[in-house]
Amino acid sequence: MPVITSIADLKRLHKRRTPKMFYDYAESGSYTEQTFRENTEDFAQIRLNQRIARDMTGRTTKSTMLGQEVAMPVALAPVGLTGMQRADGEIKAAKAAEKFGVPYTLSTMSICSIEDVAENVSEPFWFQIYTLTDDDYNKRVLERARAAGCSALVITVDLQLLGQRHKDLKNGLTAPPKFTPAVLADLATKWRWGIEMLQTKRRFFGNIVGHVDSAADPASLSSWTAEKFDQSLNWDRIKQLMDMWGGKVILKGILSEEDAEMAAATGADAIVVSNHGGRQLDGALSSIRMLPKIVNAVGDKTEVWLDSGIRSGQDVLKALALGAKGVMIGRAYVYGLGAMGEPGVTKALEVIQKELDTSMALCGERRIENLGRDDLLIPNGFFDTYS
Ligand code: GLV
């Protein structure tokens with residue numbers, strides 16, 4: 001058993017143990033991947049302010065997200081095809097999150113279905129939908145999420161069409177994979193993945209296949225999005241979807257103050273400042289650069305969270321100190337899942353929590369709610385470089 005000390009260790013193991021097609025799917029940004037890279041590079045530019053003699057005893061990373069108590073304000077983001085990174089991946093990630101005490105969000109584009117996950121956890125999880133044209137499907141899937149006890153709906157508002165990720169096209173990404181000579185050669189070195197996959201029946205998009213009439217290839221994310229996603233999406237339509245759900249709603253994919261104002265006015269319980277992990281608009285600024293302006297605009301009207309670029313507890317601290325009430329992680333836990341299954345997701349959460357706790361202590365902080373701008377040192381003009 002290798003000694004894992006960081007998310008980077010999990011990423012290396014994920015790459016070694018998972019078919020290239022699925023590792024690449026997780027590790028891609030769109031087009032030139034500028035935004036994907038800058039999400040992490042911008043976090044690295046922000047520094048932490050060391051303080052001493054401030055009594056670091058009795059610290060806790062506990063907080064709340066949407067009124068729900070959490071072991072740390074870090075939720076697992078919806079990630080498509082999680083069950084291809086590892087057999088039954090969504091179930092494994094949801095179980096790890098539940099045991100750790102953080103929320104789990106199931107993607108519509110998951111391999112395990114809503115019901116599969118619900119059968120394997122005891123606490124409510126969150127469900128994510130895209131903005132689709134097909135209201136019959138929307139109603140049915142929301143009904144299923146309600147029946148499964150999901151306690152909040154994450155509506156992804158930045159993916160009405162799919163950003164182009166070159167590697168997915170070159171790899172011929174599908175779920176399950178088509179057995180081309182290149183795929184077979186790759187699988188020969190990932191035999192453990194293959195054996196586990198043969199032992200599960202969950203190898204298709206569990207919330208889609210059998211639940212939707214579609215001319216598109218049911219194994220292809222890109223053909224399904226091209227056929228079903230609502231390019232006429234506007235705020236009235238977002239409101240309709242929120243009403244269709246009738247419970248707590250998180251709007252994910254907000255990157256401007258104006259859109260944040262609209263989201264708050266539309267009644268979102270939380271928004272996620274996000275550029276979809278750099279997977280959608282290549283050339284957009286990093287989420288962390290956009291965060292303070294958005295917090296300033298709507299932080300008193302709705303909970304503002306952040307995703308895109310978080311790979312450590314130090315990154316979590318930076319986002320919280322800049323006003324986020326919580327964050328979501330995607331790749332950071334998917335690396336753990338691909339590396340080691342459920343224990344790998346637990347390991348990712350442990351690593352992040354330990355880093356957050358230690359960094360808080362060395363910044364002289366004992367409570368999440370006390371984190372603030374004083375804990376950071378930021379290059380002059382960092383937030384005003386672009387206008
Ligand atoms: C889906 O949301 C993706 O980014 O691939």
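If you're wondering where the values come from, they're calculated on a predicted model, not measured in any experiment. Both counts, for ligands and for their atoms, begin at 1 and track the order of listing. Below, each value reflects all heavy atoms present in this structure, side chains not excepted, and no hydrogens, waters or symmetry copies.
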Discussion item. Ring pair (Phe, Tyr, Trp, His ring centres under 6.0 Å) for Tyr23 and His14? Distances and angles first, verdict last.
Written reply: CA-CA 7 Å; Tyr23 174 80; His14 176 205; 5.0 Å; yes

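- For Arg59 and Glu365, the salt-bridge test fails: no basic side-chain N is under 4.0 Å from an acidic carboxylate O.
- The side chain to side chain donor-acceptor pair (under 3.5 Å) analysis of residues 367-384, with sequence neighbours excluded, yields no pairs.
- Taking both residues in full, the closest heavy atoms of Leu322 and Val295 are given as O-CG2, 3.8 Å, listed atom of the first, atom of the second, then distance.
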List, for ligand 1, each N/O atom that has a protein N/O partner under 3.5 Å away, with both atom names and the distance.
{"from": "ligand 1", "atom 1": "2 (O)", "to": "Tyr130", "atom 2": "OH", "distance (Å)": "2.8"}
{"from": "ligand 1", "atom 1": "2 (O)", "to": "His276", "atom 2": "NE2", "distance (Å)": "2.9"}
{"from": "ligand 1", "atom 1": "4 (O)", "to": "Arg165", "atom 2": "NH1", "distance (Å)": "3.3"}
{"from": "ligand 1", "atom 1": "4 (O)", "to": "Arg165", "atom 2": "NH2", "distance (Å)": "3.0"}
{"from": "ligand 1", "atom 1": "4 (O)", "to": "His276", "atom 2": "NE2", "distance (Å)": "2.9"}
{"from": "ligand 1", "atom 1": "4 (O)", "to": "Arg279", "atom 2": "NE", "distance (Å)": "2.8"}
{"from": "ligand 1", "atom 1": "5 (O)", "to": "Tyr25", "atom 2": "OH", "distance (Å)": "2.6"}
{"from": "ligand 1", "atom 1": "5 (O)", "to": "Arg165", "atom 2": "NH1", "distance (Å)": "2.5"}
{"from": "ligand 1", "atom 1": "5 (O)", "to": "Arg279", "atom 2": "NH2", "distance (Å)": "3.0"}

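- Relative ring orientation between Tyr130 and Phe229 is described as tilted, the plane-to-plane angle lying within the 30° to 60° band.
- Trp305 and Trp126 have parallel rings, their planes meeting at less than 30° on a 0 to 90° scale where 60° marks the start of perpendicular.
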